[in-house]
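All values below were derived from every heavy atom in this structure, side-chain atoms included, with hydrogens, water molecules and symmetry-related copies excluded.
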Amino acid sequence: MLTLPLCASAEEDSTSVYRYELLYRSKIELERSSGEFPWNDPEAKAHLSDRFAAMVLIEPYESLRFFFKGATGERWEGSPAYRERFFLEQGHVGLSVSALNFDGLLFLRERVFRSTFRLLPLLSNETEFTGSRGDGAVLEYSLERLVRVRYIGSILRDDTGAGSTGGLPRFHGGGDVLHSIEIDLGLMRRFRLGFAADQVRSIPYGDSSVLAAGVGIDVAGVNLTGELARSVDGGWDEFNESRLFDLDLGNLSDGSFSSIFSQNMAFSSELNGLGYRSSELGAVFLVPGYRFSGTEFRNPAGETGSGVIESYITTWWKHPVLDMLVSLEARDTHFSMTSEDQRSIHGSMRMRLKGGFDARGSVIHLVNEDPAIALTLFDENPSYRVSVSARIDSIGGGDRFSFFSSGSFNMTRSVSLRSYLYMYGSTKSLYSVQLEFRPREAFLFTAGFGSFHPYSEEVSFHHECVLPEPQKERMIAVSARVWFGKL
């Protein structure tokens, strides 16, 4: 992969800002499972992927901003989206009017989908529906901490056709449509209200709408947050045919709090700030929470799933002097789709010692299952970075052992060696080695080979109830990137 950027800006005493950056990268990645035998890669189906990108940021006035990014496409095996031509990949035009407390943004394929609802994230950039394929506008009005109103309107199309118009917005043809309105009210310093209305019109995902309300109360350092949402099939007008939030408090007599909600609703609450601080004992805090989502609740633009009922409580203790933290989390989860119950306890401890040395341990226990124990030792200094993790699953019932180590060693000022070793479940042994050459800040060359692609194994060791099985794949990768400055 070869990359080349060029960056410049206006004079510092100027009220205007002008910056640009050029980037070129080249990468070839061959796998044993590739369609063509990878060690004899034919030019017509080459796995070489070059990419050139040019970015420019212009602010002629403090309140006006233009950003454009043009780039060539990338080659992926079996993907029809590869475009050798140069096209407008993304961009935006932003306007701020401070006298009116107004901000506006016209965007083209940018990641602007996010929600102020913390426990029920109704909008997210990480879903299949949103991704980075949206064109539209963001309008926002805010008055200090009292009022904040935001509207997002976007049409979302498959990105494979962007090259046919040079990346310019298409004003004809169909596409999925998203409308989102969120209102936050800070009526008093200790009381907050939030409202949201989302609408999705889509052929593959169907038409659906969501209405949501949230409340936050702060008393004596303790914060209670509750968020409630309801979805319907179709547009916002479908809410006229029934109550806004279809709660049935009479069902509390059944002894189950979740029974008051209908299956097209979602609810989440959390209590923060319950704790005690002492100069001798340290800090101890407790965070209880609850969430519910019905089997018919639909939120394709967000991260709130369907068919989950969960109660959880987290407690943590921090040493008064040492850099040491101990936490314990217990969860009771019911998956309505499969009528499956899961109860888990997750304990962890982290200690940081002098000289940059860290130790972390975890215990993960599913009720009616054998527990798992994980330990990670980490050391870092200017010459090297080494991390070693070990995990034992099914203690007393099989004792499956997994081991993962990663290291980065600075051989010279410009050459470093990275290596990964992974033994999974006492059955698979995997490795990956990479050589990195960086003679200057604006140039990077890497070459590596191995039997798997390292990703987030160290995180999985301490968080996953069931350790994900790595994808064993022999591969060779060579890449280079060149750039000058940053935008």
What's the verdict on side chain to side chain donor-acceptor pair (under 3.5 Å) for Glu238 and Ser209, showing C-alpha distance, side-chain angles and the deciding distance?
CA-CA 8 Å; Glu238 297 294 332; Ser209 299; over 6 Å; no
Evaluate the criterion salt bridge (charged side-chain N to carboxylate O under 4.0 Å, His left out) for residue pair Glu89 and Arg51; output intermediate values, then yes/no.
CA-CA 12 Å; Glu89 186 177 64; Arg51 179 171 170 83; 2.6 Å; yes
Worked verdict on Arg189 versus Asp218 for salt bridge (charged side-chain N to carboxylate O under 4.0 Å, His left out)
CA-CA 8 Å; Arg189 291 183 58 185; Asp218 294 315; over 6 Å; no
Could you walk me through whether Ser327 and Ser348 pass the side chain to side chain donor-acceptor pair (under 3.5 Å) test, one step at a time?
CA-CA 5 Å; Ser327 67; Ser348 66; 2.7 Å; yes
Working for salt bridge (charged side-chain N to carboxylate O under 4.0 Å, His left out), residues Glu436 and Arg418:
CA-CA 8 Å; Glu436 183 179 289; Arg418 301 180 186 274; 3.3 Å; yes
Side chain to side chain contact (heavy atoms under 4.5 Å, CB included), that's the test. Do Thr315 and Val287 meet it? Break it down for me.
CA-CA 6 Å; Thr315 180; Val287 181; over 6 Å; no
Side chain to side chain contact (heavy atoms under 4.5 Å, CB included) between Arg65 and His92, worked out
CA-CA 8 Å; Arg65 181 177 70 257; His92 68 251; 3.1 Å; yes
One pair to check against side chain to side chain contact (heavy atoms under 4.5 Å, CB included): Phe68 and Leu108. What are the steps and the verdict?
CA-CA 9 Å; Phe68 302 102; Leu108 175 70; over 6 Å; no
May I have the step-by-step check of ring pair (Phe, Tyr, Trp, His ring centres under 6.0 Å) for Phe292 and Phe267, ending in yes or no?
CA-CA 5 Å; Phe292 166 87; Phe267 172 77; 8.5 Å; no
Applying side chain to side chain contact (heavy atoms under 4.5 Å, CB included), run through Leu286 and Thr314 and close with a yes or a no.
CA-CA 6 Å; Leu286 193 69; Thr314 302; over 6 Å; no
Salt bridge (charged side-chain N to carboxylate O under 4.0 Å, His left out) between Arg150 and Glu140, intermediate numbers included
CA-CA 4 Å; Arg150 186 187 65 193; Glu140 185 170 316; 5.0 Å; no
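Across Leu106 and Ala137, no two heavy atoms sit closer than the pair CD2-CB, 3.7 Å. Residues Glu458 and Ser387 share a closest heavy-atom pair of OE1-OG, 2.5 Å. Taking both residues in full, the closest heavy atoms of Leu120 and Ser115 are given as O-OG, 4.4 Å, listed atom of the first, atom of the second, then distance. Between Tyr151 and Ile181, the closest heavy-atom pair is CD1-CG1, 3.7 Å. Of all heavy-atom pairs spanning Ala301 and Leu178, the tightest one is CB-CD1, 4.2 Å. The two atoms that bring Gly235 and Arg201 nearest to each other are CA-NH2, 3.9 Å, heavy atoms only.
No donor-acceptor contact under 3.5 angstrom links the side chains of Ser124 and Thr127, judged on distance only. Thr295 and Gln263 share a donor-acceptor pair across their side chains, judged by distance under 3.5 Å alone. If you check the side chains of Thr304 and Ser293, you find no donor sitting under 3.5 Å from an acceptor. With no hydrogens or angles considered, no side-chain donor-acceptor pair links Ser96 and Ser63 at under 3.5 Å. In summary, the side chains of Ser432 and His453 do not present any donor paired with an acceptor at a separation below 3.5 Å, with no hydrogens or angles considered.
You'll find the ring centres of His346 and His463 inside the 6.0 Å limit. Checked against the 6.0 Å centroid threshold, Tyr422 and Phe404 count as a close aromatic pair.
A salt bridge links Arg111 with Glu126; the closest basic N to acidic carboxylate O contact falls under 4.0 Å. The existence of a salt bridge linking Glu329 and Arg331 is confirmed by a sub-4.0 Å separation between a basic side-chain nitrogen and an acidic carboxylate oxygen. For the pair Asp184 and Arg148, the salt-bridge criterion is met [side-chain N within less than 4.0 Å of a carboxylate O]. Under 4.0 Å is where a charged nitrogen must lie from a carboxylate oxygen, and between Asp176 and Arg157 no such pair does. With respect to Arg118 and Glu227, no salt bridge is recorded, no charged nitrogen being found less than 4.0 Å from a carboxylate O. Between Arg298 and Glu296, no side-chain nitrogen of the basic residue sits less than 4.0 Å from a carboxylate oxygen of the acidic one, so the salt-bridge criterion is not met. Between Glu182 and Arg114, no side-chain nitrogen of the basic residue sits less than 4.0 Å from a carboxylate oxygen of the acidic one, so the salt-bridge criterion is not met.
No option in Glu473, Glu469, Glu457 other than Glu469 meets the salt bridge (Lys or Arg N to Asp or Glu O under 4.0 Å) test with Lys428.
Annotation: side chain of Phe107 is not in contact with side chain of Phe67 (no heavy-atom distance under 4.5 Å). Within the 4.5 Å cutoff, side-chain heavy atoms of Phe113 are placed close to those of Ser154. Looking at heavy atoms from C-beta onward, Pro288 lies out of side-chain contact with Tyr312 at the 4.5 angstrom threshold. In this structure, the side chains of Ser180 and Asp198 come closer than 4.5 Å at one or more pairs of heavy atoms. Taking the side chain as every heavy atom from C-beta outward, Thr225 and Arg192 approach each other to under 4.5 Å. Side chains of Glu310 and His334 form no contact here, defined as non-hydrogen atoms less than 4.5 Å apart. Taking the side chain as every heavy atom from C-beta outward, Phe102 and Ser142 never approach each other to under 4.5 Å. Under the 4.5 Å side-chain criterion, counting only non-hydrogen atoms from C-beta, Ile309 is in contact with Tyr290.
The line from CD of Glu441 to CZ of Phe484 is 11.5 Å long, rounded to the nearest 0.5 Å. In this structure, CD1 on Ile217 lies 9.0 Å from CG on Asn223, to the nearest 0.5 angstrom. The CZ atom of Phe461 lies 11.5 Å from the OG atom of Ser362; values are rounded to the nearest 0.5 Å. Atom CG of residue Leu123 and atom CZ of residue Phe117 lie 10.5 Å apart, to the nearest 0.5 angstrom. The distance from the CD atom of Gln90 to the CG atom of Asp135 is 11.0 Å, given to the nearest 0.5 Å. Here CD of Glu303 is found 9.0 Å from CG of Asn125. Values are rounded to the nearest 0.5 Å.
Evaluation of the salt bridge (Lys or Arg N to Asp or Glu O under 4.0 Å) rule for Lys472 yields no partner, not counting sequence neighbours. Evaluation of the side-chain contact (heavy atoms from CB on, under 4.5 Å) rule for Leu224 yields Leu271 as partners, not counting sequence neighbours.
Among residue pairs with one or both ends in residues 192-221, those qualifying as ring-ring contact (aromatic ring centres under 6.0 Å, His included) are Phe129-Tyr205; sequence neighbours excluded.
Side chain of Ser306 to backbone of Phe297: a donor-acceptor contact under 3.5 angstrom is found.
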